[in-house]
Amino acid sequence: MICGFADRQGVPGEIGSLLLGVNEDGQLRYAGSVGTGWDSKTAAAIRARLAKLTTDAAPFPPASMGGSRWGPARTGAPRWVKPCLVAEVEFAEWTPSNQVRQASFKALRSETPASEVHKEAVRVEAGATLAALKITHPERVIDPTTGITKLDLVRYYESVADWMLPHLAVRPVALLRAPDGIGGEAFFQKHAETTKLPGWTEHPASLWPGHGRLLTVDSADALIGAAQLNVVEFHTWNSTTVDLTHPDRIIFDLDPGEGVSWQHVQEAALLVQTLLGELGLAAWLKTSGGKGLHVVVPVAPEFDYDVVKAFSRAAVQHLAKTLPQRFVAKSGPSNRKGKVFVDYLRNGIAQTTAAAFSARARPGMGVSMPVAWDQLPQLKSAYQWTVRNAREYLSFRTNDPWCDFWSTTQSLRGPMEHLS
DNA sequence: GCCGCAA
DNA sequence: TTGCGGCAACGCTCC
DNA sequence: GGAGCG
């Protein structure tokens with residue numbers, strides 16, 4: 001939060017430094033200041049914007065601003081502003097007194113509600129280790145509707161690598177590559193026969209006899225290397241390479257037919273969760289980045305694909321039977337008008353679904369974002385988060401809504417009896 | 001984007 | 001040397 | 001049986 005500013009010495013009308021605050025236990029706390037990162041024009045523009053927000057009341061006790069040898073006392077008296085503007089500030093680390101060190105201003109962030117600005121969890125920047133990877137044509141526009149470039153996509157995957165890799169690393173993948181950008185011709189790749197792939201793991205043919213050698217993307221290097229090869233979407237199996245034939249999750253892909261309102265999709269997701277809850281299964285929610293939502297159920301890997309798929313089909317058929325005005329279980333486009341098709345076919349062997357944090361190769365480049373169930377009513381669309389705005393959202397997010405997903409092991413035994 | 005193959 | 005095609009795969013639905 | 005689809 002921008003809580004105040006000092007004028008640039010000798011240059012009236014320009015910002016010299018910004019005084020920053022973060023939310024902590026429901027109130028603002030001083031977080032240091034930033035005095036570089038802008039040019040004269042920007043400094044003047046920010047100064048003009050802040051002038052309208054000045055106030056006499058300090059947002060936190062000036063005494064709490066001790067701590068720093070290089071505090072604002074050096075740069076003249078601070079002018080307080082109402083804390084309603086958010087700045088994105090890059091910095092090396094938090095000092096022992098919880099202030100930013102080597103801060104540099106990046107941009108104003110008007111979209112972030114003030115209440116959501118917290119101290120960002122400390123995460124090591126992956127950037128340094130990745131610098132070795134050469135990105136060709138970084139400025140090439142891959143999505144003409146937004147101007148998103150190849151470098152934007154690379155940077156997106158770089159920034160979500162820590163979040164994404166747990167979803168990706170242990171599962172065979174299908175990669176959707178789009179060398180000619182969104183709207184151009186794209187193709188799937190699941191084997192590495194010819195192309196030598198940067199850091200990807202190629203599993204022995206014995207893992208899945210009679211088929212091509214399976215591939216996993218299990219490091220940040222592999223992730224970025226994939227982006228260099230114009231991989232836009234990462235799709236994963238429902239089982240891991242540890243136990244390929246026994247799925248450890250079920251996915252219900254909620255796919256709205258023509259003419260279905262977003263509210264209808266939200267309600268459908270809630271109904272799916274309710275049914276699963278009645279069967280004794282906890283489920284997690286993510287946006288698909290495209291049109292619909294994904295409901296993901298972790299299960300113990302104790303049954304093979306045929307059993308798990310039959311269960312998911314039964315669950316969807318139950319929904320379609322009891323709520324025929326909302327749901328269809330058939331995949332054809334004809335009977336889907338005005339209804340939500342819950343795609344259970346993703347639960348067969350070798351079937352894949354766009355992974356959490358995968359971007360989508362469609363205009364706008366939405367991403368699949370894990371969310372909490374209590375966020376569902378506030379969701380604006382399945383592509384609310386994109387390659388462009390996901391990083392900011394994640395940096396201000398204070399806890400992982402899928403935290404318990406990883407430790408949940410639930411058997412299908414009871415739910416299967418319950419349903420039949 | 002890149003490789004292998006044919007022209 | 002240049003050009004060009006491949007780069008997944010399955011079940012389901014409808015015709 | 002085959003095209004189309006996700």
Side-chain angles (χ1 to χ4, degrees), chain A residues 133-142 149-151 153-154 157 171-182 184-200 202-203 205 207-208 210-217 222-239 244-245 247 251-258 260 288-294 304-306 308-310 312-314 316-317 320 328-337 339-355 358 360-362 368 382:
Chain A
L133 238 152
K134 172 93 149 272
I135 303 299
T136 59
H137 306 114
E139 299 307 325
R140 209 184 84 234
V141 172
I142 58 175
T149 63
K150 187 177 175 186
L151 185 61
L153 184 65
V154 168
Y157 279 123
R171 299 172 191 280
V173 281
L175 307 170
L176 183 68
R177 298 176 58 184
D180 299 320
I182 311 307
E185 212 165 305
F187 58 89
F188 273 102
Q189 178 166 8
K190 352 169 83 162
H191 314 295
E193 253 82 278
T194 52
T195 329
K196 259 308 148 209
L197 305 154
W200 305 357
E202 197 179 355
H203 295 272
L207 180 62
W208 198 32
H211 299 81
R213 298 177 60 179
L214 296 170
L215 227 46
T216 50
V217 175
L223 186 62
I224 307 309
Q228 155 61 17
L229 291 179
N230 300 302
V231 172
V232 177
E233 303 191 359
F234 296 78
H235 297 234
T236 49
W237 283 44
N238 279 340
S239 56
L244 193 72
T245 56
I251 292 190
F252 296 97
D253 176 5
L254 276 65
D255 194 358
E258 204 183 301
V260 173
S288 72
K291 287 196 309 182
L293 296 167
H294 293 162
D304 65 23
Y305 271 98
D306 288 343
V308 170
K309 183 178 167 186
S312 68
R313 180 178 60 228
V316 171
Q317 283 173 340
V328 278
K330 283 187 176 185
S331 67
S334 48
N335 207 9
R336 275 171 52 185
K337 277 205 169 66
K339 295 172 187 172
V340 174
F341 169 55
V342 184
D343 187 353
Y344 64 89
L345 298 165
R346 313 254 105 331
N347 297 310
I349 190 163
Q351 301 299 297
T352 59
T353 308
S358 173
R360 305 309 296 270
R362 21 194 316 149
S368 177

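All values derive from a computational prediction rather than experimental measurement. Sequence lines set the chain letters: A, B, ... in the order given, protein chains first and strands last, and positions in each chain run from 1.
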Where the side chain of [X] is defined as all heavy atoms beyond and including C-beta, which of [options] is the nearest nucleotide?
X: A:Lys309; options: C:dG11, D:dG6, B:dG1; result: C:dG11
X: A:Tyr344; options: C:dC10, D:dG6, C:dC12; result: C:dC12
X: A:Lys330; options: B:dG1, C:dT13, D:dG6; result: C:dT13
X: A:Arg313; options: C:dA8, C:dC12, B:dG1; result: C:dC12

Taking atom [atom2] of [N] as reference, at what distance in whole Å does atom [atom1] of [X] sit?
X: A:Trp200; N: C:dC7; atom1: CH2; atom2: P; answer: 15 Å
X: A:Arg177; N: B:dC3; atom1: CZ; atom2: P; answer: 10 Å
X: A:Asp255; N: C:dC12; atom1: CG; atom2: P; answer: 17 Å
X: A:Leu345; N: C:dC12; atom1: CG; atom2: P; answer: 6 Å
X: A:Phe188; N: C:dG5; atom1: CZ; atom2: C1'; answer: 19 Å
X: A:Asp343; N: D:dC5; atom1: CG; atom2: P; answer: 16 Å

Practice task
Toss me the dot-bracket line for DNA chain C: Watson-Crick and G-U wobble, both under 3.5 Å, 5' to 3', using | for pairs to another strand and [ ] for crossers.
Solution key: |||||||..||||||
Exercise for the section: Indicate, with a heavy-atom threshold strictly under 4.0 Å, whether A:Thr136 touches base, sugar-phosphate, or nothing. Expected result: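 Touches sugar-phosphate only.
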Exercise for the section: Could you work out the separation of D:dG4 and C:dA9 based on their C1' atoms and round it to a whole Å? Expected result: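 Taking atom C1' in both D:dG4 and C:dA9, they lie 14 Å apart.
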Practice task
Quote, to the nearest angstrom, the P distance that separates C:dC7 from D:dG6.
Solution key: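 Approximately 22 Å lies between the P atom of C:dC7 and that of D:dG6.
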Exercise for the section: Could you tell me whether A:Glu233 and A:Arg360 make a salt bridge, using a distance below 4.0 angstrom between a side-chain N and a carboxylate O? Expected result: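 So A:Glu233 pairs with A:Arg360 through a salt bridge.
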